[in-house]
Asker: 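Take a look at the following structure, please.
Chain identifiers are assigned alphabetically (A, B, ...) following the order of the sequence lines, protein sequences preceding nucleic acid strands; residue numbering begins at 1 within each chain.
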Protein chains: 2
Amino acid sequence: MAAKTDDSGPVLPPAIESAWGLRERPPKGPRPGMSVPGIVDAAVRVADTDGLAAVSMSRVAKELGAATMALYRYVGSKDELLMLMVDAGYGPSPGPHPPGDDWRAGLTRWAWAEHEVLRQRSWLLQVPITGPPITPQQLGWMEDGLRCLDGTALAEGEKMSVLLLVTGYVRNEATLTAQIAEGSRTAGVAPGEMMPAYGRLVARLIDPARFPALHRVLSSGALGQDDDPDDEFTFGLDRILDGVDALIQRRTG
Amino acid sequence: MAAKTDDSGPVLPPAIESAWGLRERPPKGPRPGMSVPGIVDAAVRVADTDGLAAVSMSRVAKELGAATMALYRYVGSKDELLMLMVDAGYGPSPGPHPPGDDWRAGLTRWAWAEHEVLRQRSWLLQVPITGPPITPQQLGWMEDGLRCLDGTALAEGEKMSVLLLVTGYVRNEATLTAQIAEGSRTAGVAPGEMMPAYGRLVARLIDPARFPALHRVLSSGALGQDDDPDDEFTFGLDRILDGVDALIQRRTG
DNA sequence: CCTCTCTGCGTATGGCGTACGCTGTTATGC
DNA sequence: GCATAACAGCGTACGCCATACGCAGAGAGG
């Protein structure tokens, strides 16, 4: 044994291995007419224009002028394709933060970068995540995030937890705004009228005696004004970073 | 007009209206052999035992000894059934917090209650959410959460934002732990060995020169020790509540 | 008793992911 | 130059899904 240095451990799907640049083309057989990146690009294009639901194996194949089953020479399953679509859809990480920035400015920039990606490709949120990230660009994002916390007194595990906290927040916020946008589209309501309409609906349903706190929020008109969604995002992000700040202070002092 | 007091506004699906106790049985025709709550219970039972993927209209019908299409007399679509499943799956809200508790203890209790529900019914996280909550129990949870913040100096809209922040965190954390549990099951790895195996896999993939921060986390063994998942949950929750606390202090002082 | 309305459900349609096996291409070893 | 083995492309088929449609029978009002 041990002719090769890696004892391999968990098995990586072939298409993922090729995303890492491992795996060379076998010497025999006809030349491939397609490529994994080409297939993934086509799938991303479909998702961008017609949504994730439109991404079927046959649709992607049609986009490439190939037959459905031809894709399975390159991709083991649709789930594998989805994983690669997420990797490609996120794109390259935003890059290391400027040396002058402190951790907070860096994480803010990092969070906004993901926010921006998810705003433009909300289908990324609908892809069922099957495990921790193992694709190159995903880990690139993680690396950049970790570097923001480099100078701090946090333990390595804590840095990871903080990142998970921030990215979780960004994804959650993006999910909510994408949902109300989707809802307003299917209901035929103007985007700015969605939350007010929701407020009126709930106000009609609930009994003020049984839901006093909810009733108070509704009468306050807090749902009526359609404030800048970016303000909402900033609000939550600042709360979280305040909490992280408190921890860093404690670890430092 | 205005023979009825409600100008109706957005239309509510019939099955949701019946969940609010509106809507009476029409006087004619044969008596219904099933009921919406019965169907929802059967669907929840299927999801509990065999996962959300096993919930198909035919499977739920089989559970009730009925034909597939019979369900459509009670539920407009599968999406509607899913919405009702979420409402039933969450169950009643945890109830108002004890009067002695401050907002932080209340929200902590509230977050743990949702955490517990999601731990036992992780399929709730896989249901694609189509909009803001409009079912009775969902709004009950919201009411209880809002009441925790009753005595604080926060504006009504801010209370709502804080709730969204907390519930988003709980859902996100539950999603991640459910995913690694799922992954360890499909990969045939012992649950405690999942994260270490993941760490070894990533360590094998990445180049330490290009991913120095990530490499440092991996060598620190932070992923190796399988610490209590509850500790991880508490960590993030405390960070968020610290951030909320900072805001409340500022609004108060 | 007729008629109207509602329930249960059989049938059919159009989609999906993908297992399997055939056909033709290509570089290697003889 | 030729047989051979490995591989690419893909046609067919299977089983599953949600659900549109329409018919048969139940039950109550007139």
Asker: Name every residue in residues 32-58 of chain A that has at least one heavy atom under 4.0 Å from any atom of DNA chain D, in order of residue number, or write none if there are no such residues.
Answerer: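 Residues of residues 32-58 of chain A that come under 4.0 Å of DNA chain D are, in numerical order, A:Pro32, A:Gly33, A:Met34.
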Asker: May I ask you to decide if A:Arg171's main-chain N or O and A:Thr175's side chain share a donor-acceptor pair within less than 3.5 Å?
Answerer: yes
Asker: With heavy-atom distances below 4.5 Å as the criterion, would you say the side chains of B:Met85 and B:Val55 are in contact?
Answerer: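 Yes, side chains in contact.
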Asker: Count the heavy atoms of every other residue, nucleotide or ligand shown that sit under 6.0 Å from CZ of B:Arg59, and state whether that count exceeds 12.
Answerer: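 Buried by this count: over 12 neighbours within 6.0 Å.
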Asker: Name every donor-acceptor pair, under 3.5 Å, that has one atom in a side chain of residues 125-142 of chain B and the other anywhere in the protein, sequence neighbours excluded.
Answerer:
unit_1: B:Thr135; atom_1: OG1; unit_2: B:Asp87; atom_2: OD1; d: 2.7
unit_1: B:Gln137; atom_1: NE2; unit_2: B:Asp87; atom_2: O; d: 3.4
unit_1: B:Trp141; atom_1: NE1; unit_2: B:Gly91; atom_2: O; d: 3.0

Asker: Could you state the atom-to-atom distance from CG of A:Leu71 to P of C:dC16 in whole Å?
Answerer: 13 Å
Asker: Each nucleotide in nucleotides 21-30 of chain C should get exactly one letter: B, S or -. Can you fill that in based on protein heavy atoms under 4.0 Å?
Answerer: B--BBBS---
Asker: Are side-chain N/O atoms of B:Thr167 and B:Glu114 paired as donor and acceptor at under 3.5 Å?
Answerer: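 Side-chain D/A pair, B:Thr167 to B:Glu114: present.
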Asker: Quickly work out the B:Leu64 CG to C:dG8 P distance and round it to whole Å.
Answerer: 11 Å
Asker: Output yes when a side-chain donor or acceptor of A:Arg23 lies under 3.5 Å from a complementary backbone atom of A:Ser18, and no otherwise.
Answerer: no
Asker: Side-chain contact test, heavy atoms from C-beta onward, threshold under 4.5 Å: evaluate it for B:Leu81 versus B:Leu71 and give yes or no.
Answerer: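 No, their side chains stay 4.5 Å or more apart.
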Asker: What range of DNA chain D does chain B touch, first nucleotide to last, counting atoms under 4.0 Å from its heavy atoms?
Answerer: D:dC17 to D:dG29
Asker: Taking ring-ring contact (aromatic ring centres under 6.0 Å, His included) as the cut-off, I'd like each qualifying pair that reaches into residues 165-188 of chain A, sequence neighbours left out, listed once.
Answerer: A:Tyr169-A:Phe233
Asker: Quick one: A:Arg59 CZ to C:dG17 P, roughly how many Å, whole number?
Answerer: 12 Å
Asker: Using atom types as modelled, flag every donor-acceptor pair under 3.5 Å from a side chain in residues 26-46 of chain B to any protein atom, sequence neighbours excluded.
Answerer:
unit_1: B:Ser35; atom_1: OG; unit_2: B:Gly38; atom_2: N; d: 3.1

Asker: Contact between B:Trp112 and B:Leu237 at the side-chain level, heavy atoms closer than 4.5 Å - yes or no?
Answerer: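 Heavy-atom side-chain distance check passes, below 4.5 Å.
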Asker: Between atom NZ in B:Lys62 and atom P in C:dC9, what is the gap in whole Å?
Answerer: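 Checked: the NZ to P distance equals 14 Å.
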Asker: Quick one: is C:dG8 close enough that its OP1 or OP2 comes under 4.0 Å of any side-chain N or O from B:Tyr74?
Answerer: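 Result: yes.
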Asker: What distance separates A:Asp144 CG from A:Trp110 CH2, expressed to the nearest 0.5 Å?
Answerer: 9.0 Å
